[in-house]
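Predicted, not measured: the structure shown is a model, and the values here were computed from it. Chain letters run A, B, ... following the sequence lines, proteins first, then strands; residues in each count from 1.
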Amino acid sequence: MTDEKLIETLTAVAKDGATRAGRGLSGLMGQEIAIHVPNVRVGTKADACDAVGGEESLVLGAYLSISGDITGHVMLLFPELRALECVDLMCGQKPGSTTEADELAQSAIGELGNIVGSAFVNALADDLNLILHPSPPTILHDMAIALVQSVYAEVLSQGGDVVMMDAVFEDQKGRTAGLLLVAPDPASIEPLLRVAA
Amino acid sequence: MTAPAEARRISVGIGQLAISKDPTDVLVAYGLGSCIGISCYDPQTKVGGLAHVLLPNSEGKRPGEGEPARFADTGIDTLLKQLAALGASPRRMVVKVAGGAAVLGPANAEKFKIGERNAEAIKERLKHHGIAPAAVDLGGTKGRTLEVHINTGKTFVRTAASPASEL
């Protein structure tokens, strides 16, 4: 299959997942969230981090692995300040109340990652009739590219190429309110495309 | 700061390497997670290079043309070869290594171990070339940015939580 065909198929696969994930985020934040059409990129490109402020940008987020009929990786990342605003919205606090990634903030972001990431995985499972299990979330707090790159490495260590789907969420002010990254393991690409066909 | 005022920062992306003998150059590998940055510098000829390695071993696979430093073994070989072509000597080479963290959390560190395996592969390959690193900053759970200043050969590491310190 050509890269173009692969990108086209996976973009279609990711669309419903991104919509459901965005709806989950919208519900938690109690505000409208715009969902961009998902991107699919092949290869170890650094532009995956552009939506959260670039390579060295400090992000807060969560990581989940997928097991079951297909395996892979899911990350939800926020620029740190956006994440702290999200925590205030989720907890019904006055904006600006959360000023650092303390225990409460991290636990809220973990929950956010859990709900939004699982929404994507469950959409994939429903649409493609697969059995998929998202893992419990791991909290992430680091430079964006360090996280993205570690997922690239994990995928590529199994051989093949890295294929990453992303969905950008935007708040009402047009600011990035989350970046969802999903990368199937190389052995799962073929089965994923087969059931998507 | 040790970098000249007109410093030119050259970003060395995933799987890339860069060499330079231009004293205004600063070679930078941003946000090394499980990846490892290898800085090599010959103080006599003031020639330096930086490789941004993603995976431990090529196992006979040829790295793609766009990613000469995807693997530790072939990446180090290529870096040293290119530096030698610029007049650097492996005997004088000061090598510093940073990265190999487990940024996806402790549970996943046990599962993936890529950072740890990268570190092992790099030490082994350097040893193969008769080189012992002068300084290392490896492992842990935090991403690092590594840079080497070509005018002085000094290297600096910073993380999201801590400002640049000399390695």
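B:Val26 and B:Val97 fall into different hydrophobic clusters, where Ile, Leu, Val, Met, Phe, Trp and Tyr residues are linked whenever their side-chain heavy atoms come under 4.5 Å apart, directly or through other members. Note on B:Val28: it does not cluster hydrophobically with B:Val47, by side-chain heavy-atom contacts below 4.5 Å among ILVMFWY residues. Hydrophobic clustering (side-chain heavy atoms under 4.5 Å, transitive across Ile, Leu, Val, Met, Phe, Trp, Tyr) groups B:Ile131 together with B:Ile19. B:Val148 and B:Leu80 fall into different hydrophobic clusters, defined by Ile, Leu, Val, Met, Phe, Trp and Tyr side-chain heavy atoms under 4.5 Å apart, directly or through other members. Hydrophobic clustering (ILVMFWY, side-chain heavy atoms < 4.5 Å, transitive): B:Leu138 and B:Leu126 are in one cluster.
Using a 4.5 Å cut-off between heavy atoms, B:Leu55 contacts chain A through its side chain alone, with no backbone atom that close. Only the side chain of B:Glu67 comes within contact range of chain A, with at least one heavy atom under 4.5 Å from a heavy atom of that chain. Residue contact with chain A, scored on non-hydrogen atoms closer than 4.5 Å, involves the backbone of B:Thr141 exclusively.
Scanning residues 167-189 of chain A against chain B with a 4.5 Å heavy-atom cutoff picks out nothing at all. Of all residues in residues 68-87 of chain A, those placing a non-hydrogen atom less than 4.5 angstrom from a non-hydrogen atom of chain B are A:His73, A:Met75. Near-neighbour residues of residues 48-58 of chain A relative to chain B, defined by a heavy atom under 4.5 Å from a heavy atom of that chain, comprise A:Glu55, A:Glu56, A:Leu58. Contacts of residues 128-149 of chain A with chain B at a heavy-atom distance below 4.5 Å involve A:Thr138, A:Leu140, A:His141, A:Asp142, A:Met143, A:Ile145, A:Ala146, A:Leu147, A:Gln149, listed in sequence order.
Ranked by heavy-atom pairs under 4.5 Å with chain A, the list B:Cys35, B:Gly105, B:Ala160 is led by B:Cys35.
Formation of a donor-acceptor pair under 3.5 Å by the A:Ser150 side chain with backbone atoms of B:Ser34 is found in this model.
A 6.0 Å sphere centred on CD of A:Glu32 holds no more than 12 heavy atoms belonging to other residues, nucleotides or ligands. The local environment of NZ in A:Lys45 is crowded, with over 12 non-hydrogen atoms from other residues, nucleotides or ligands closer than 6.0 Å. Heavy atoms of other residues, nucleotides or ligands lying less than 6.0 angstrom from NZ of B:Lys142 number more than 12. Counted within 6.0 Å of CD on B:Glu124, heavy atoms from surrounding residues, nucleotides or ligands total 12 or fewer; the atom is thus considered open.
Residue A:Ser157 holds its OG atom at 12.0 Å from CG of B:Asn57, rounded to the nearest 0.5 Å. With values rounded to the nearest 0.5 angstrom, B:Arg70 atom CZ is found 6.0 Å from A:Thr44 atom OG1. Note that OH of A:Tyr152 is 6.0 Å distant from CD1 of B:Ile14, once rounded to the nearest 0.5 Å. The CG atom of B:Leu104 lies 11.5 Å from the CG atom of A:Leu64; values are rounded to the nearest 0.5 Å.
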